[in-house]
Amino acid sequence: MKNNYKKLKDIGILVLCDFASITVSVLLSLLIVHSRVDFCLELLYWYLLNIVTVYVFFALFRLYFIVFTSVGLLDTLKTVGAILFVFGANLAYMIFLKRFLNIRVCITYSIILALFGLASRFSQRMYVAVKYALSRKNKNKVRAMIVGGGNAGTMLIREIQTTDKITYLPVCVIDDDPTKIGKNINNVKIVGSTADIPVYAKKYDIDEILIAMPAAPKAEVKRIFDICEGTKCKVKTLPGIYQIVNGDASVTALREVQISDLLGRDQIKVNLDEIMGYIEDRVVLVTGGGGSIGSELCRQIATHNPKQLIILDIYENNAYDIEQELKRRHPELNLLALIASIRDTGKMEDVFKKYSPEIVFNAAAHKHVPLMETSPNEAVKNNVFGTLNVARCADKFGSKVFVQISTDKAVNPTNIMGATKRICEMIIQTIGKHSKNTKFVAVRFGNVLGSNGSVIPLFEKQIAEGGPVTVTHKDIIRYFMTIPEAVSLVLQAGAYAKGGQIFVLDMGEPVKIYDLAYNLIKLSGLEPNVDIEIKCTGLRPGEKLYEERLMDEEGMQQTPNGLISIANPIKLDEQRLWTTLDSLKAAAYDETEEMKNLVAQLVTTYKPQK
């Protein structure tokens, strides 16, 4: 109701302004051409005809449905177009109103009417622009450098200069196009290239650097951010190309640079049609559905119209949170949350028998490397035999697709968590090789930003507490991806499933954890090793300096998605696998002290640390 009132109010203001404009334009055009105004019946007819004519053509050109704060070139062109039709109509009126109406009067009248029509529609922006010009010397403003002299930068500068709530003062523009340097955008000079950012930030006393390059690759954004680190300035960015498409490259669209912007690669793209094809109208089970990966899987699956979504988790609070979130967002969704452990063979059989899940995503696992180093038997019980339970049930009860969540720590593992995940891959490949009903695949990816146990929440907590931020080794590197990326890969892998495959994501270049900590401190507006110390604590048990995506024997096959590859399966002695698993299970439940050595007998690339 409030919005409708505002729309009617704006229309009413324009109608009254146009009425005044017509009146003044009629009188001025006669005074200019004839030096006098002879009031007569013909003048009244002309006046009334123009009121009708102007309102009709202005309405047809939708000049009463503009937004005062965002009028621009298109509105100007529409106004000129409407005036040309008004001019044409007045030429026709000359046939009947020859006494005082001639071509000079028509031209003069049309020009004056156009000026008044544009003035009324641009009045608010002109007011704000004048206000901005008069307040340029206000010391309370945030002095801003705009990086990017293209469409986004131009729109951003215009928005800053014509908004009522002016918080920024655009001081200079940076652009790598040498032909633009020295030119001006709305009276703001393009002073140099991105390499010159530190120089001009100091010269112009810049407070904030605004990166207006929403179409730029992530690698380019990271490069610019690395240059900005040489300044003391806060850095913000426009989030995406859709801001240009929607015309929303505005102050309100600016956000802080996020750590995901600095991965140095673009977001993974997936084929949504392929995902829809195998999830739509299917019963989908997500084990570990309350965890960071599992809950995001549930969120994305919910948007693909499953017949039923079953969330299974041992932790009731996690399961409850994602259940309530999905009920709010998707009230039409057939949703079921179950509290159960994947270790419980009887319970798993009961779940599969009752609900007959067609698609299974096995995200339930113990993932904390240092914790599993001190509890190796629990890692084996949960990760290995929990996965084996779910996989056997999927095969027995005829599920269509089974997707196992794996990790790059499964490649040449140096910790028990990674070794158990490698055993899971071996189980999936072996069962998948012989299954008549179910396509079994595993998805292997690196560290997930923001997931439970990832370094980012830990770093953020340490920064909030005033430091120090702890890094185990200055040279330690990891592959990183965002939670939505990881889940997109998992969903896409399900579409590509043929049985026994291991899918691997091209995660770009690995990232130094030290650099991640450094950048996170900078993004928090603090100075690393000045405001917040970065402390190297030494490698933890089971931790290695770098992760690998593939074992030497695996090789690589491409999929239709160029960023997703398939690791060639390694031949296994299946009889030895099952025999060793029986021994592992007995030893795990006997709480053996030799679990790591027993696992190493099965995973020959695993070298337990002494």
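Every heavy atom of this structure was used, including side-chain atoms; hydrogens, water molecules and symmetry mates were not.
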Going by side-chain hydrogen bond (donor to acceptor under 3.5 Å, both in side chains), name the residues that satisfy it together with Lys396, two or more places apart in sequence or in a different chain. Glu349
For a side chain to side chain contact (heavy atoms under 4.5 Å, CB included) check, start with the C-alpha distance between Val284 and Tyr278, then their side-chain angles and the critical distance, and finish with the verdict. CA-CA 10 Å; Val284 183; Tyr278 82 98; over 6 Å; no
Under the salt bridge (Lys or Arg N to Asp or Glu O under 4.0 Å) definition, can you give me all pairs with a residue in residues 288-300, not counting sequence neighbours? Glu296-Arg299, Arg299-Glu325
Identify all side-chain donor-acceptor contacts of residues 460-468 below 3.5 Å with residues at least two apart in sequence or on another chain.
from   : atom 1 : to     : atom 2 : distance (Å)
Gln462 : OE1    : Thr470 : N      : 3.1
Gln462 : NE2    : Thr470 : OG1    : 2.8

In Å, rounded to the nearest 0.5 Å, how long is the span from CD of Glu378 to CE of Met417? 15.5 Å
Quick one, Ile342 and Phe385 - any side-chain contact, counting heavy atoms below 4.5 Å? no
Can you check whether Arg422 reaches Lys409 side chain to side chain, under 4.5 Å on heavy atoms? no
How about Glu332: does its CD atom have over 12 heavy atoms from other parts shown lying under 6.0 Å from it? yes
Ionic contact status for Asp176 with Arg223, cut-off 4.0 Å: yes
Apply the test side chain to side chain contact (heavy atoms under 4.5 Å, CB included) to residues Trp578 and Thr430: give CA-CA distance (whole Å), side-chain angles for both, the deciding distance (0.1 Å), then the verdict. CA-CA 10 Å; Trp578 298 124; Thr430 304; 3.7 Å; yes
Under 4.5 Å between any side-chain heavy atoms of Val286 and Ile310, yes or no? no
Can you spot which of Asn362, Asn389, Asp313 makes a side chain to side chain donor-acceptor pair (under 3.5 Å) with Thr287? Asn362
Glu574 vs Gln429 side-chain heavy atoms within contact, under 4.5 Å: no
How would you list, by chain and number, every residue that makes a side-chain hydrogen bond (donor to acceptor under 3.5 Å, both in side chains) with Glu591, sequence neighbours excluded? Asn377, Lys381
Are the charged groups of Glu358 and Lys307 less than 4.0 angstrom apart, N to O? no
ring-ring contact (aromatic ring centres under 6.0 Å, His included) contacts touching residues 317-365 (sequence neighbours left out): none
Under the salt bridge (charged side-chain N to carboxylate O under 4.0 Å, His left out) rule, collect the residues that match up with Glu323, sequence neighbours excluded. Lys327
Would one find more than 12 heavy atoms of other residues, nucleotides or ligands at under 6.0 Å from atom OH of Tyr315? no
With a 4.5 Å limit on heavy-atom distance, are the side chains of Thr237 and Leu210 in contact? no
What I'd like to find out is whether the side chain of Lys535 reaches to under 4.5 Å of the side chain of Val469, using heavy atoms alone. no
Working to the nearest 0.5 Å, report the span between CG of Leu333 and CZ of Arg328. 13.5 Å
